[in-house]
Amino acid sequence: MCGIVGYIGKQKDIRIGMEALKRLEYRGYDSAGMAVYNKERKEIDSIKAVGKVASLEEKLRSTNFEGSPFLFYTRWATHGQVTEENCHPHADCTGNIWVAHNGIIENYQQLKQELLGEGHVFLSETDTEVLPHLIEKFFTGNLEDATRKALSLVHGAYALAIIARDDSEKLVLAKYSAPLLIGLGDGEYLAASDPSAVITHTNKVIYLEDGELAILTPKTFSIQNYQQELVERDAEEIEWSLEDAKKGGYPHFMQKEIMEQPESIINSLRGRLLLDTGDVRLGGLEQVQEKLKNIEQVEILACGTAYLSGSVGTYMLQEYTGMPTKADIASEFRYKKPIIDKKTAYLFISQSGETADTLAALKEVKKKGGLALGIVNTVGSSIARETEAGVYNHAGPEIGVASTKAFTSQLTVLALLTLFLGRQRGMSFTMGQRIAKEIANLPVLVKETLETTNAIMEKIAIKYQGARDFLFIARKYNYPVALEGALKLKEISYIHAEGYGAGEMKHGPLAMIDENFPTIALCPSDSVYEKMISNIQEIKARKGPVIAIATQGNEDIKTIADDVIYIPKTLEMLTPILSVIPLQLFAYYMGILKGYDVDKPRNLAKSVTVE
Ligand code: F6R
């Protein structure tokens with residue numbers, strides 16, 4: 001897990017790499033490193049630092065490193081402790097070959113034993129270090145040939161950027177199951193794990209595909225498959241600007257991303273709703289439109305927050321399309337010996353489009369001939385490319401590690417998909433129009449919710465900051481939102497929190513409740529409101545403090561709950577898009593009160609490219 005940057009071209013200023021790396025820090029941030037070829041001395045200089053990218057920047061200030069090509073790297077440890085020795089780029093025995101790697105080499109132990117037996121000396125505990133040594137073994141002056149031979153022995157996932165002192169006019173890249181692209185600049189190439197890193201240099205990028213090797217020189221580049229056949233691919237244009245990827249005046253990306261949800265939802269809806277006819281146009285699904293008419297079930301596969309949006313989607317799709325719909329955690333799916341059914345649509349949801357567990361589940365479905373569809377935010381990402389068809393979120397880059405605007409965008413797209421599939425299956429024109437109208441009004445309601453709950457949630461966080469544990473409860477559409485509220489609080493404030501279906505309280509969790517254990521109860525005025533009130537009463541009877549998220553106009557709830565936060569009224573299936581907002585704000589303010597880095601919670605990374 002990490003971010004990689006590679007450069008080759010007319011400039012010698014390594015700050016280019018530093019700036020690019022800063023924008024990849026969300027992918028990992030426990031240590032960082034770099035290596036650069038110095039033409040005068042014909043040597044590769046390298047330096048590494050434990051900590052965030054800023055620590056590397058600080059160390060680099062005391063050097064006079066410059067040159068081309070160079071590699072930069074930010075790490076999120078998978079094999080070995082967080083130390084300078086374990087940080088990339090890793091070198092071979094003689095300091096000739098240097099490798100930056102994102103992914104995991106699964107057979108590294110066996111390869112390492114063989115290489116040790118042949119006399120290679122290892123300096124780190126990482127899986128990656130076998131790569132420079134393997135390339136060294138095959139190196140006779142041509143870096144791409146040696147790399148190709150080395151990779152034929154490797155199992156696992158990798159995005160690689162490689163340079164060599166003794167073939168110094170090249171930057172070699174290779175990709176398998178981890179993201180890598182080439183930014184095409186003016187007399188220079190910048191390779192990176194994602195487009196935000198290259199955007200100040202160019203908006204033209206080429207995404208490498210699995211099994212491809214790219215050979216970049218200062219003036220030219222070529223892409224080959226492992227059989228050495230040339231691959232021709234047009235460059236794509238990156239649509240978003242650098243400003244999109246910056247904080248836009250907010251102190252944290254997380255707050256910026258929470259506050260920009262009205263806009264991100266507008267972007268997810270743009271051009272898709274047909275209000276007059278109560279229909280939806282989803283261009284990305286056109287090629288599978290006929291196949292979709294024949295499906296009888298939907299299975300949603302995703303991880304973390306994306307899984308929870310998918311769980312809300314199961315309620316939406318089942319209620320309005322009549323199709324049995326279930327959601328599963330992608331990391332568990334494979335172990336169930338999945339039976340892939342031709343009448344099922346498998347829907348993969350992912351913000352990054354790179355989550356290894358989701359990607360692995362997708363490959364399993366594809367291998368067995370299932371119809372794989374995606375709801376993905378990152379254009380050109382692995383999941384977007386591997387799925388047969390899909391819908392992009394267009395929510396813009398999400399940089400804060402905790403997913404916020406991607407969640408509401410996923411719910412919005414799931415609502416669109418529900419309408420789309422529902423109308424294909426006999427949903428009435430009137431119902432279609434009603435849902436379409438409510439969906440179209442979401443940006444206004446989200447804006448209102450942010451305006452009315454922002455300051456209150458800060459106060460609620462202050463009031464309850466001493467609590468050691470929190471419970472989040474809800475039913476039906478809001479049940480997955482309760483789980484999401486607990487997940488958000490855990491990851492941002494490190495406070496213990498649990499989400500429960502409110503009906504489950506009496507089957508065990510109620511035993512935990514006392515005056516020190518607050519519960520956040522999602523109880524909008526919907527079809528399960530009365531039942532929620534009974535569950536809240538059960539908590540109050542045990543002296544548990546209750547913070548209720550209720551629908552505007554509900555005055556009664558004030559007589560039961562200790563604190564009430566109001567959200568606007570909307571269709572029951574759309575309430576999660578509003579009810580999650582105070583929970584996001586609560587987690588944010590709690591994290592700030594505790595003094596934590598809310599954009600980069602400890603132990604986590606934005607893009608989880610390991611299984
Ligand atoms: C939580 C969070 C994670 C991600 C999960 C899936 O705030 O961000 O739980 O939702 O790692 O990531 P994607 O959506 O990129 O597949």
Side-chain angles (χ1 to χ4, degrees), residues 2 4-6 8 33 35 37 44 46 69-71 73 75 78-80 85-180 182 191 193 208-217 221-231 609-610:
C2 62
I4 60 179
V5 172
I8 190 160
Y37 177 69
I44 289 181
S46 171
F70 56 73
L71 307 174
Y73 176 85
R75 180 171 188 242
T78 57
H79 290 72
E85 292 71 31
N86 286 337
C87 189
H88 307 205
H90 288 291
D92 65 347
C93 297
T94 66
N96 175 23
I97 287 145
W98 290 79
V99 177
H101 168 220
N102 173 26
I104 287 185
I105 306 303
E106 283 163 9
N107 59 337
Y108 83 99
Q109 268 163 329
Q110 175 216 329
L111 291 170
K112 189 168 176 174
Q113 285 316 313
E114 286 167 18
L115 288 160
L116 283 169
E118 291 164 18
H120 290 262
V121 178
F122 282 75
L123 303 179
S124 80
E125 305 156 302
T126 65
D127 53 330
T128 300
E129 203 185 351
V130 298
L131 293 169
H133 291 283
L134 258 190
I135 298 171
E136 175 183 21
K137 177 172 163 175
F138 295 113
F139 188 80
T140 53
N142 180 306
L143 183 58
E144 67 269 27
D145 284 351
T147 302
R148 199 177 290 112
K149 283 180 189 144
L151 291 180
S152 69
L153 303 176
V154 161
H155 303 157
Y158 48 80
L160 297 171
I162 311 162
I163 58 174
R165 178 194 59 212
D166 299 340
D167 194 9
S168 63
E169 292 282 283
K170 278 178 200 154
L171 168 65
V172 170
L173 310 173
K175 173 192 157 27
Y176 193 83
S177 279
L180 194 56
I182 311 169
S193 309
L208 292 185
E209 299 278 349
D210 280 353
E212 285 177 356
L213 202 81
I215 303 116
L216 284 66
T217 70
F221 76 95
S222 65
I223 303 174
Q224 304 176 355
N225 60 24
Y226 291 167
Q227 291 74 47
Q228 296 190 50
E229 293 157 343
L230 274 183
V231 175
T609 52
V610 289

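All values below come from the heavy atoms of this structure, side chains included, with hydrogens, waters and symmetry mates left out.
- Side chain to side chain, T128 and T126 fail the donor-acceptor criterion of an N or O pair below 3.5 Å.
- Here the side chain of R148 pairs no donor or acceptor atom with the backbone of L213 at under 3.5 angstrom.
- With contacts defined as side-chain heavy-atom distances shorter than 4.5 Å, the pair L115/F122 qualifies.
- For the residue pair L171 and A161, the shortest heavy atom distance occurs at CD1-CB, 4.3 Å.
- A distance of 12.0 Å separates CG in N142 from CG in D166, rounded to the nearest 0.5 Å.
- Side-chain polar atoms of E212 and N225 form no donor-acceptor pair below 3.5 angstrom.
- Rounding to the nearest 0.5 angstrom, the gap separating the CZ atom in F138 from the CD1 atom in I97 is 11.5 Å.
- Of the inter-residue distances, the one linking D210 atom CG with S177 atom OG reads 4.5 Å to the nearest 0.5 angstrom.
- Using modelled atom types, no side-chain atom of N96 and backbone atom of A164 make a donor-acceptor pair closer than 3.5 Å.
- The shortest side-chain heavy-atom distance between I162 and W98 does not fall under the 4.5 Å cut-off.
- A distance-only check finds a donor-acceptor pair linking the side chain of D92 to the backbone of G95 [under 3.5 Å].
- Atom NZ of K170 is separated from atom CG of L216 by 11.5 Å, given to the nearest 0.5 angstrom.
- When atom types are taken as modelled, the side chain of K149 and the backbone of S152 share no donor-acceptor pair closer than 3.5 angstrom.
- Formation of a donor-acceptor pair under 3.5 Å by the E136 side chain with backbone atoms of C93 is found in this model.
- Counting only distance, with no hydrogens or angles, the side chain of E144 and the backbone of I215 share no donor-acceptor pair below 3.5 Å.
- Aromatic ring pairs are classed by plane angle as parallel below 30°, tilted from 30° to 60° and perpendicular above 60°; the pair H133 and H120 is perpendicular.
- Of all heavy-atom pairs between K175 and Y226, the closest is O-OH, 3.8 Å.
- Y108 pairs by the ring-ring contact (aromatic ring centres under 6.0 Å, His included) definition with H79, not counting sequence neighbours.
- Side chains of Q224 and V231 form no contact here, defined as non-hydrogen atoms less than 4.5 Å apart.
- Contact detail for Y73 and C2: the closest heavy-atom pair is CE1-SG, 3.1 Å.
- For the pair I223 and L230, the minimum side-chain heavy-atom distance is 4.5 Å or more.
- The minimum heavy-atom distance linking P89 with G33 is given by the pair CD-C, 3.6 Å.
- Classified by interplanar angle (parallel below 30°, tilted 30° to 60°, perpendicular above 60°), the ring pair Y158/H101 is tilted.
- Residues P179 and A159 come closest through the heavy atom pair O-CB, 3.4 Å.
- Listed here is the closest heavy atom pair of A100 and L71: N-CD1, 4.1 Å.
- Separation of atoms CG (L173) and CG (L180) is listed at 5.0 Å; rounding is to 0.5 Å.
- If you check the side chains of Q109 and Q113, you find no donor sitting under 3.5 Å from an acceptor.
- Remark: the E85 side chain and the S124 side chain contain no N/O donor-acceptor pair separated by less than 3.5 Å.
- Although no hydrogens or angles enter the test, the distance criterion places no donor-acceptor pair under 3.5 Å between the side chain of N107 and the main chain of V154.
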task: Under the side-chain contact (heavy atoms from CB on, under 4.5 Å) rule, what do F139 and D145 come out as? Steps first, then yes or no, please.
output: CA-CA 8 Å; F139 188 80; D145 284 351; over 6 Å; no

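- With a 4.5 Å cut-off on side-chain heavy atoms, L151 and L160 count as touching.
- Between the side chain of S193 and the backbone N or O of I4 there is at least one donor-acceptor pair closer than 3.5 Å.
- A salt bridge links K137 with E118; the closest basic N to acidic carboxylate O contact falls under 4.0 Å.
- S168 OG to I8 CD1: the interatomic distance, rounded to the nearest 0.5 Å, is 8.0 Å.
- At least one donor-acceptor pair closer than 3.5 Å links the side chain of D127 to the backbone N or O of I105.
- Between the side chain of N86 and the main chain of E125, a donor-acceptor pair closer than 3.5 Å is present.
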